[in-house]
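Shown next, in structure tokens, is the structure this report addresses.
Naming convention: chains lettered A, B, ... in sequence-line order (proteins, then strands); numbering from 1 in each chain.
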Amino acid sequence: MAATSGLMSVLLCKFPAMATERYNPRASEPKWQKAWAEAKLFETDNKNPRPKYYVLEMFPYPSGRIHMGHVRNYAMGDVVARYRRANGFNVLHPMGWDAFGLPAENAARDNKVNPRDWTYANIATMRSQLKTMGLSLDWAREIATCDPSYYKHQQKMFLDFWKSGLVERKSAKVNWDPVDMTVLANEQVIDGKGWRSGAPVEQRDLTQWFFKITSMSQDLLDSLDTLDRWPEKVKLMQANWIGRSEGLLIRWPLAKDTAPQGESELEVYTTRPDTIFGASFMAIAADHALARKAAANNPALAAFIDEIKHGGTSVAEIETAEKKGFDTGIRVVHPFDPSWTLPVYVANFVLMDYGTGAIFGCPSGDQRDLDFANKYGLPVVPVVMPEGADAASFQITETAYTDDGVMINSRFLDGMKPTEAFNVVADRLAAISIGNRPMAERKVQFRLRDWLISRQRYWGCPIPVIHCDHCGSIPVPTNQLPVELPQDVSFDKPGNPLDHHPTWKHVNCPQCGKPARRDTDTMDTFVDSSWYFARFTDPWNEAEPTTLSVVDGKNGWLPVNQYIGGIEHAILHLLYSRFFTRAMKVTGHLNEVAEPFEGLFTQGMVVHETYRGPNGWVTPAEIKIEETEGTRRATMLSDGAPVEIGAIEKMSKSKKNVVDPDDILASYGADTARFFMLSDSPPERDVIWTEAGVEGAHRFVQRIWRLVSEAGEHLQGVAPASGTEGDALTISKAAHKTVKLVGEDIEKLAFNKAVARLYEFANVLQPALADIAAGKADSTLRAACRQALEMLCVLIAPMMPHLAEECWAALGGEEFVASQSWPAFDPALTVDNEIVYPIQINGKKRGELTIARDADQAAVEKAALALDAVIKALDGKPPRKVIVVPQRIVNVVA
RNA sequence: GCCCCUAUGGCGGAACUGGUAGACGCGUCCGACUCAAAAUCGGAUUCCGCAAGGAGUGCUGGUUCGAUUCCGGCUAGGGGCACCA
């Protein structure tokens, strides 16, 4: 079969006149992929003088096989790459592997395979899958982050960052599994229990490495404004993540008889100091120093704190957990009233890492505080009321008032607006001193926390540090990099294999030579992906992470002109990469680039219907769907048992609603898969994978081939020329309009619209090409069609590159269509001389008016008023108003 | 809990900057070709109505000559929340 179709394809290629056979992607696609590779068509020369364009899709994690999300992502990026290449750019379009991570360790543990072997086997599989997609990638630049040749440079940069003060070692909380004696990832904690042991997870403090991303908070926030080719949504998410707030640090004196030994004040950060007279309690984190001291001789409080520590560490868990508190017995004194004391509670919703780990609660102005106050019987004093409400009767019981308004019950603040009251409180408290410091200071606070990069895992980039009892933490000398992962590791024991490896961690201190220990933590895999885009610009440099002459600046590649990937990376990966760009500049690994990604596009997911059979979820391949009288019913192919059609959801193994790209590539070919991924939905939105949709795309592939191949034999030797009248003019107008619009759509990444234009174009071409195939066309129509078909080949090439080559060859085109220039359109052919105006009467369409494009407003109005429908509607009366929007619409107000 | 996004025919979606709602595709129906089927080609397809006409972009109120588009309030669905990548 394969041999026959291969032969057929060669014949078709050689004798396009015979080409009425169906297009066979199984023969064509490998042929063209081989031809491109042999011509090194997509290998990029850093020295090529053409203007540079860097298009990058987020590199994949080598999970084993590519999935439809990859197909969509890479199909989009390839359209951009091929389009830019056709427009004269020197395009960089590389591919690599985000190859470190937890799944390799899970596979190692579950299947007794070596993580390295597992990963490289997956890479080999996925590379060959991607190659069958026909992507215009420069494979010569391929990198894998798990390769010592990559992470060696990452270790160097870690040490450079450290020297520049961008690295810090401090304590942080982790999810600790007390049975497996190991640190758990958030996804390994299910309902507060370890995923394997089932033991309740504890919070534990561990000394870990951090990148000081917070030192750049303000710049990371401000620079979002310069990213005008980023989705607003992503910028907003980042801004919220950074979370800048302006507030007041208030030092509340402790009531002396209640204060623990050595404590005299409680520091609280608040953005609402205006509500200070509505305060009714203080809430502190479980790790707060005051909480610890108070718990020392209060077993009940100690038990409560212990209970909090068994909760999750993620914000979502903390915020959704029931709000609980425990009175420490400590009291603070109100800054404006020495006779007023407030209780200090330990509360499970206060985070130690944010602000000072302590808040004051104003129940009337915050729903969470109100719920807390109601639960523990604390006073609720309204301090802000809506403008115009009655201060004497305004009450808060179940719903807090959080909007703007007027201050009440607040002594000297009464009648002020909250912003004014904020300033008055800030100024007054600043003037009071407590323990030689002002009682309050204005403070800008960020929600952003430092980037915790330590992971107690094996399959990651080792942190190149040696801990010596005498010298402290010492960097591994540069000439000893990379610190390589040991090959012989076992996953039989829980915990970090690096830590219990018999020899790996034992080294001598590079400074004093005495026995010392390697750091056994590895880096967060987000570190790996925070600079790979820079490495692609010169992956051959063995001495340095980057080559300054090509990485950025005048003749360099960065920033990435178009970055494409999933919305799930909107915050962390993109923010970390922005941090890395700044840090690499500080440490001399970049010249001048301010932001790594000039243009960002976040694509939607690939989703699919779910099916549930008698024994749980079943795959699309196991069922049959029939439609009777508008109702779709599904049954098992095996035994005809009924299957419930469930919701459309993200493709996932657990729901079994996964379609394997290999199957699609094998049966329909890469062009069909790519075209469908681009055609149905706007790229930023989810696309629903349907068999019918794929078949539709496949029909179009065949249809294009039929149109080109049938007309092709009559167009040999015909010189392309635009038509000037009749059918030839119609064809040329459609062709030139399509060239213009498809180009505009691709530049906007509106691939689904570009696809629709191509369909329209094919619809216009079809009758004319049928005439040509039947030998009924005159020479001007043949010339116009020849031109139109040549244009069509170049237009479809970014989306369906193999089909485009085959069509190009059938027309007798030179070289590859992949190396052709994007066609130029004649602007005169893209505008019509006549305009059809919709004529509205009182905003409803009642007729149409066809008139010359250059007709002036008065002429349009006159012609519109002469229409029967208008005369009838006006019934002899003069119109009240006539609105003529040039080239658009006429609205007559009767 | 907090933050963000989305909502248009039977379905995916289009509509430029406030200007003909439903481009294009899928599905369905009718016809041609065929002994027949598939494929292909031609036509119809928002809803109600024989028609004239009327209604219509999640619901609701507003601004406007004119609102899918702008503003206010609501409803439903989806995504993210720092050790998955």
Side-chain angles (χ1 to χ4, degrees), chain A residues 22 58 60-61 63 98 100-103 106 172 174-175 183-189 208 231 233-234 236-237 239-241 243 313-321 323 349 353 367-368 371 447-457 524-526 528-529 566-573 575-576 604-605 607 627 630 647 649-650 676 679-682 684-688 690 692-693 695-697 699-700 702-703 706 744 750 752-753 755-760 763 766-767 770 836-845 847-848 880-883 885 887-894:
Chain A
R22 280 170 70 80
M58 291 180 185
Y61 177 78
S63 54
D98 190 10
F100 274 136
L102 210 43
N106 294 337
V174 294
N175 296 309
V183 178
L184 298 177
N186 279 341
E187 69 159 13
Q188 296 173 323
V189 180
Q208 312 198 63
K233 172 167 72 170
V234 173
L236 188 63
M237 283 164 82
N240 288 339
W241 191 256
T313 54
S314 78
V315 175
E317 280 173 296
I318 290 162
E319 297 275 323
T320 48
K323 307 294 174 286
F349 57 85
D353 342 345
Q367 192 59 44
R368 189 179 59 189
D371 294 343
R447 206 183 71 99
L448 182 67
R449 309 204 296 253
D450 277 330
W451 176 10
L452 167 62
I453 61 153
S454 299
R455 297 290 183 270
Q456 292 70 44
R457 317 211 176 279
D524 178 6
T525 57
F526 274 123
D528 313 339
S529 55
I567 184 73
E568 66 273 21
H569 292 294
I571 299 176
L572 294 181
H573 163 58
L575 191 62
Y576 292 154
M605 296 181 300
V607 295
E627 190 169 333
E649 295 189 54
K650 179 179 178 171
F676 175 61
S679 62
D680 246 30
S681 289
E684 68 278 9
R685 236 183 278 169
D686 290 351
V687 63
I688 305 172
T690 61
E695 278 170 8
R699 272 202 295 275
F700 188 65
Q702 294 297 347
R703 187 171 158 214
R706 211 163 41 240
E744 288 169 357
N752 58 321
K753 289 192 237 173
V755 166
R757 312 282 184 212
L758 292 174
Y759 272 108
E760 282 176 287
N763 291 344
Q766 186 140 330
V836 180
Y837 279 89
I839 308 299
Q840 294 184 332
I841 293 161
N842 294 335
K844 302 231 174 207
K845 188 188 164 192
E848 278 183 352
R880 291 223 307 244
K881 200 171 175 185
V882 180
I883 292 140
V885 182
Q887 329 268 304
R888 283 245 188 269
I889 203 166
V890 178
N891 189 11
V892 178
V893 186

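Set against B/rG19, B/rC4, B/rA85, the side chain of A/Q840 has B/rG19 as its closest nucleotide. Nearest nucleotide to the side chain of A/L572, out of B/rC26, B/rG12, B/rA85: B/rA85. You'll find that the side chain of A/K753 is closest to B/rA14, out of B/rA14, B/rA82, B/rG13. Of the listed nucleotides (B/rA15, B/rC4, B/rC83), B/rC83 has the atom at the smallest distance from the side chain of A/Q208.
For A/I688 and A/A756, each mapped to the nucleotide of RNA chain B holding its nearest heavy atom, the one lying further toward the 5' end belongs to A/I688. Taking for each of A/Y837 and A/T690 the nucleotide of RNA chain B with the nearest heavy atom, the 5'-most of the two is the partner of A/Y837.
For the P atom pair drawn from B/rA23 and B/rU46, the interatomic distance equals 8 Å after rounding to whole Å. Taking the P atom of each, B/rG10 and B/rC47 are spaced 7 Å apart, rounded to whole Å. For the C1' atoms, the distance from B/rC11 to B/rA7 is 15 Å, rounded to whole Å. Rounded to a whole angstrom, the distance from the C1' atom of B/rU6 to that of B/rG58 is 11 Å.
Using a 4.0 Å heavy-atom criterion, one finds that A/G693 contacts no nucleic acid atom at all. Heavy atoms of A/W241 sit under 4.0 angstrom from at least one base atom. A/N842 comes within 4.0 angstrom of nothing in the nucleic acid, heavy atoms only.
Using the Watson-Crick or G-U wobble rule with both distances under 3.5 Å, B/rG25 pairs with B/rC11.
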